[in-house]
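Following: one structure in structure tokens, then a few remarks.
The first residue of the sequence shown is numbered 1, and numbering continues consecutively from there. When a ligand or atom number is given, it counts from 1 through the structure's own listing order.
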Amino acid sequence: MEIRKELPEIFDEFAEARRNGFIAAKNLKEKNIPMVGTFCTYMPQELPLAFGAAVVSLCATSDETIQEAEADLPKNLCPLIKSSYGFGKTDKCPFFYFSDIVVGETTCDGKKKMYEYLGEFKDVHVMELPNSQATKEGFQLWKSEIIKLKGILENKFGVEITEEDIKKAIKLKNQERLALKNLYEIGKLNPPAMSGMDILKVLYGSTFKFDKNDTIKEVNELADRVRKEYEEGKRLDPKPRIVVTGCPIGGVTEKVVKAIEDNGAYVVAFENCMGAKAIDRLVDESNEDVYDALAEKYLNIGCSCMTPNPNRIELLSRMIDEYEADGVVDVILQACHTYAVETLSIKRFVNGEKEIPYMSIETDYSQSDIGQLNTRMAAFVEML
Ligand code: BJ8
């Protein structure tokens, strides 16, 4: 077996996508293409895509503006919220700057209160997300919020969004999900074909590429290439296999994924919002009612802001089995209460039903806990 040391440079091209995305965003604006900013996976991207707008994620990933954010927001608040607000407030994020409208949702308390302040200097629309997926009333509320968003976008941009347009956007977005799945499901191979860091580069980078057709093609080609090389014998060393769950990890990738992989394991799958939580479930193209289809897909995202939250357990369970996980690492961003409270049920499930080790870590966007994280990760991997 040839042990793979050199990974394709194309992974780095995806890692560069965020930086190149600034220029791409500027080009879109010069062509008068509307841009819709989003902070959350619940935002039905098909609606802006249906009238040719670009969608960009505004969740900030560095601590650069946290100090400025803390002038307005409490220190003891999730770094994703502080950092995102800080980049908006200081005009340091070109994606925020270029966004014509920001669409938020009533997910966690910190985010929804932050949107009120964001609305003071940006056009913000907040969708009312129900707290539960289990009731008919909740479903109807979310469906009506999706229809309301369509009206908001139509008014704002002076366009008409037809059901035919939405159907086309559903197809396109599903194709993108399938391409990204095609790529991240490479993580099922044992021994692995690519590291978790490389999987993440593609998943994260793809959110800053605005031509969906190009992205679909590129991601599928990359996945085919990695599978072909794997069959030819290019593989990574067998090591313990970790599934990562919890909060979005854009701002702590270096600390968490690198700490896992530097200390003797591989991340083979991401259950969180940069991975399967956002991608796993497609929109049902056979449903004639496009709003029903969108409401069904998005409302079923297994985020800890839902009560109860069985869909997170269901997805995690499938992933532990399909990716032959040896352990689960649950990443909690500091002061994220819903994910922190849910650690108990995730631990019970992983240790009890799945009978594999579980570790939760609480971290923020600073560099101060890198040493401690590495020590904990090394001890955890040793145990596997
Ligand atoms: S669907 S995970 S992107 S809400 S901001 S909840 S970390 S305290 S991001 Fe999220 Fe949508 Fe859910 Fe996904 Fe906690 Fe921070 Fe809140 Fe956060």
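By the 6.0 Å and 45° rule, K122 stacks over the aromatic ring of F96. In this structure, R241 is not positioned above the aromatic face of Y323 in the sense of NZ or CZ being under 6.0 Å from the six-membered ring centre and within 45° of the axis. Seen from the ring of Y266, K239 counts as a face-on cation partner, given the 6.0 Å and 45° thresholds.
By the criterion of a separation under 2.8 Å, the protein N/O/S atoms near atom 11 (Fe) of ligand 1 amount to C40 SG.
Ion pairing between a basic and an acidic side chain is recognised when a charged N comes within 4.0 Å of a carboxylate O; E231 and R227 show no such pairing. Salt bridge annotation for E296-R281: present, with a cationic side-chain nitrogen under 4.0 angstrom from a carboxylate oxygen.
Scanning all protein heavy atoms for the shortest distance to atom 14 (Fe) of ligand 1 gives C336 SG, 2.3 Å.
Atoms of ligand 1 found under 4.0 Å from any heavy atom of I81 (numbered from 1 in listed order, with element): 5 (S). Remark: ligand 1 atoms within the under-4.0 Å shell around heavy atoms of C247 are 7 (S). For ligand 1 and Y339, the ligand atoms under 4.0 Å from any heavy atom of the residue are 2 (S). Heavy-atom contacts of C78 reach the following atoms of ligand 1: 5 (S), 7 (S), 8 (S), 15 (Fe) (cutoff under 4.0 Å).
C108 lies close to atom 16 (Fe) of ligand 1, since one of its N, O or S atoms is found at a distance under 2.8 Å.
Ring geometry, Y42 versus W142: the interplanar angle exceeds 60°, so the pair is classed perpendicular (tilted spans 30 to 60°). Taking the six-membered ring where the residue is Trp, Y85 and Y117 present perpendicular rings, their angle passing 60° and hence far from 30°.
Contact annotation for atom 17 (Fe) of ligand 1: protein absent (non-hydrogen atoms, distance under 4.0 Å).
In the model, S360 has no side-chain atom that pairs as donor or acceptor with a side-chain atom of T343 under 3.5 Å.
Nearest heavy atom pair, residue L316 against residue I346, reads CD2-CG2, 3.8 Å.
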